Amino acid sequence: MKTFDTVNALREAVIAAHAKGQTIGLVPTMGALHAGHASLVRRSVSENDVTVVSVFVNPTQFNNPTDLETYPRDLEADKRLLESLGVQYVFAPTVEEAYPEPDIRQFSYPPIDTVMEGARRPCHFRGGGQVVGELVMWCVPTRAYFGEKDFQQIAVVRAMVRDLGFDLELVPCPIQREESGLALSSRNALLTAEERQIAVKISRVLQESKTWGIGVEETQQRVVNEINKIDQLEVEYYEIVDGTTLQPVTEWREDVVGCITVYCGQRPVRLIDNVRYA
Ligand code: AMP
C-alpha cells in the first residue's frame, strides 16, 4: 500500500492504473476509520482492481470551527487498517495541497441540499461537493462508495454526478452499527462511556417507531418527544422524507426514510442516524 500526500503522486498512480485498463474504486473519508468505513473499503476492494481511500478532514464542509478542531484524527491507525483490508492507495493531502487557492466553486442542488443538514449547516454540501468533485477529477474512479449513514450526502452526490456528467457508478452501502444498535461514527470516539450508553437510545427509538402504526406527523413528533425525554439527548431535527427527493412526506408510502440529528452529552457531540420505513 502506498500513501500519497500530493495530488501529482496520486494522479500518476491513477493514470498508470487506467493505462493498464484497471478499474478504480474511490472511498472518500475523513479518517478516524471504523468498521463502517471498513465495510465500504471491503466492498471496493472486492469490486475493483485498485482502491483509493482518501483521508482528509475537509475544512470547507464544517461550519463550526470547534467541530473541525476537535474532529478525531489518527492517520497511522487508519493506514494500518487500510493495509489490512488490501487497499492499494491512500490519499492524505494537507489542506494547502487540496486547496492551493480558496475554493470558490459552488455546488448547489436545491431542493435536495436545502433541507435537513443543508438547512442547518449552510456550507456543508457545498464543501462536500468541492472535495468529492476534486477527488473524482483526480482519481477518475469506476465506482465511488458512500455510506447510507449520511443519507442526504448520497442524494446530493447523486445529483452532482448527474449534473457534471461524471462517468462513474455510485455505490450506496448500508449503515454499520454496534451490537447495541448505535450507528458507527468517528464522532462516537468523543463520547464518554456513559454518553455512549445514552446514545444507543437514538437508534432504539427509531427502530421502535416502525412498530407504532400511527401517522407520519405523529410519528415524527413522538420520536422527537421520546428522545428529548432522555437526559443528555436533544434532537436538532427529525424529518420523515421521500428517500429520493428528500422532501417531507405526509403519508406512508414506498421509499420513506426518517433522518435524525441529535446532540448528545456535555460537549455536546452531534450524532446522525436514519431509519427506512418502507
Ligand atoms: P466520514 O469519514 O464520516 O466522512 O465517512 C466516510 C464515508 O463512510 C461516508 O460515505 C459515510 O457515509 C461512511 N460511513 C460512516 N459511518 C458509517 C457507518 N456506520 N456505516 C456505513 N457507512 C458509514
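Here the structure is a predicted model, which is why all the values come from computation and not from measurement.
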Evaluation steps, side-chain contact (heavy atoms from CB on, under 4.5 Å), between Asp242 and Asp255: CA-CA 6 Å; Asp242 179 281; Asp255 195 20; 4.1 Å; yes
Would you say [Y] ends up clustered with [X] if hydrophobic residues are merged whenever their side chains have heavy atoms under 4.5 Å apart, either directly or through other cluster members?
| X | Y | value |
| --- | --- | --- |
| Tyr145 | Val131 | no |
| Leu40 | Leu33 | yes |
| Val157 | Phe91 | yes |
| Leu168 | Phe107 | yes |
| Phe151 | Leu170 | yes |

What's the shortest heavy-atom distance between [X] and [Y], and which atoms?
| X | Y | value |
| --- | --- | --- |
| Glu117 | Ile272 | OE2-CG2, 4.2 Å |
| Glu148 | Pro174 | OE1-CA, 3.7 Å |
| Ile240 | Val256 | CG2-CG1, 3.4 Å |
| Asp49 | Gln22 | OD2-CA, 3.2 Å |
| Ser186 | His37 | OG-CE1, 3.4 Å |
| Ala35 | Gln176 | O-CG, 4.0 Å |

Backbone of [Y] reached by a side-chain donor or acceptor of [X] within 3.5 Å:
| X | Y | value |
| --- | --- | --- |
| Arg270 | Thr261 | no |
| Ser44 | Val41 | no |
| Gln220 | Tyr238 | yes |
| Asp78 | Arg73 | no |
| Gln152 | Val115 | yes |
| Gln130 | Asp103 | yes |
| Glu97 | Val7 | yes |
| Asp163 | Ala159 | no |
| Asn228 | Val235 | yes |
| Lys210 | Arg276 | yes |

CA sep, side-chain torsions, deciding dist, call: Arg120, Glu239, salt bridge (charged side-chain N to carboxylate O under 4.0 Å, His left out): CA-CA 13 Å; Arg120 275 101 187 163; Glu239 293 194 16; 3.5 Å; yes
Pairs where residues 132-143 contributes a residue and the test side-chain hydrogen bond (donor to acceptor under 3.5 Å, both in side chains) is met, not counting sequence neighbours: Asn48-Arg143, Arg143-Glu169
Value rounded to 0.5 Å, distance of CZ in Arg158 from OG1 in Thr244: 7.0 Å
Tyr71 vs Asn58, side chain to side chain donor-acceptor pair (under 3.5 Å): CA-CA, chis, key distance, verdict: CA-CA 10 Å; Tyr71 198 84; Asn58 175 34; over 6 Å; no
Check against salt bridge (charged side-chain N to carboxylate O under 4.0 Å, His left out), Arg43 and Glu47: CA-CA 6 Å; Arg43 178 124 184 230; Glu47 294 178 350; 2.9 Å; yes
Residues, nucleotides or ligands: over 12 heavy atoms within 6.0 Å of Glu208 CD: yes
Atom CG of Asn64 with >12 non-hydrogen neighbours under 6.0 angstrom: yes
Output field: ring centroids Tyr109/Phe125 closer than 6.0 Å: no
Option among Val205, Asn274, Val223 that satisfies the side-chain contact (heavy atoms from CB on, under 4.5 Å) test with Ile260: Val223
Option among Thr51, Leu85, Leu82 that satisfies the side-chain contact (heavy atoms from CB on, under 4.5 Å) test with Met1: Leu82
Check against side-chain contact (heavy atoms from CB on, under 4.5 Å), Arg121 and Asp67: CA-CA 12 Å; Arg121 304 169 81 194; Asp67 193 19; 3.9 Å; yes
Worked check of salt bridge (charged side-chain N to carboxylate O under 4.0 Å, His left out) between Glu83 and Arg80: CA-CA 5 Å; Glu83 178 131 47; Arg80 284 195 294 277; over 6 Å; no
Donor + acceptor pair across side chains of Ser180, Glu178 (<3.5 Å): yes
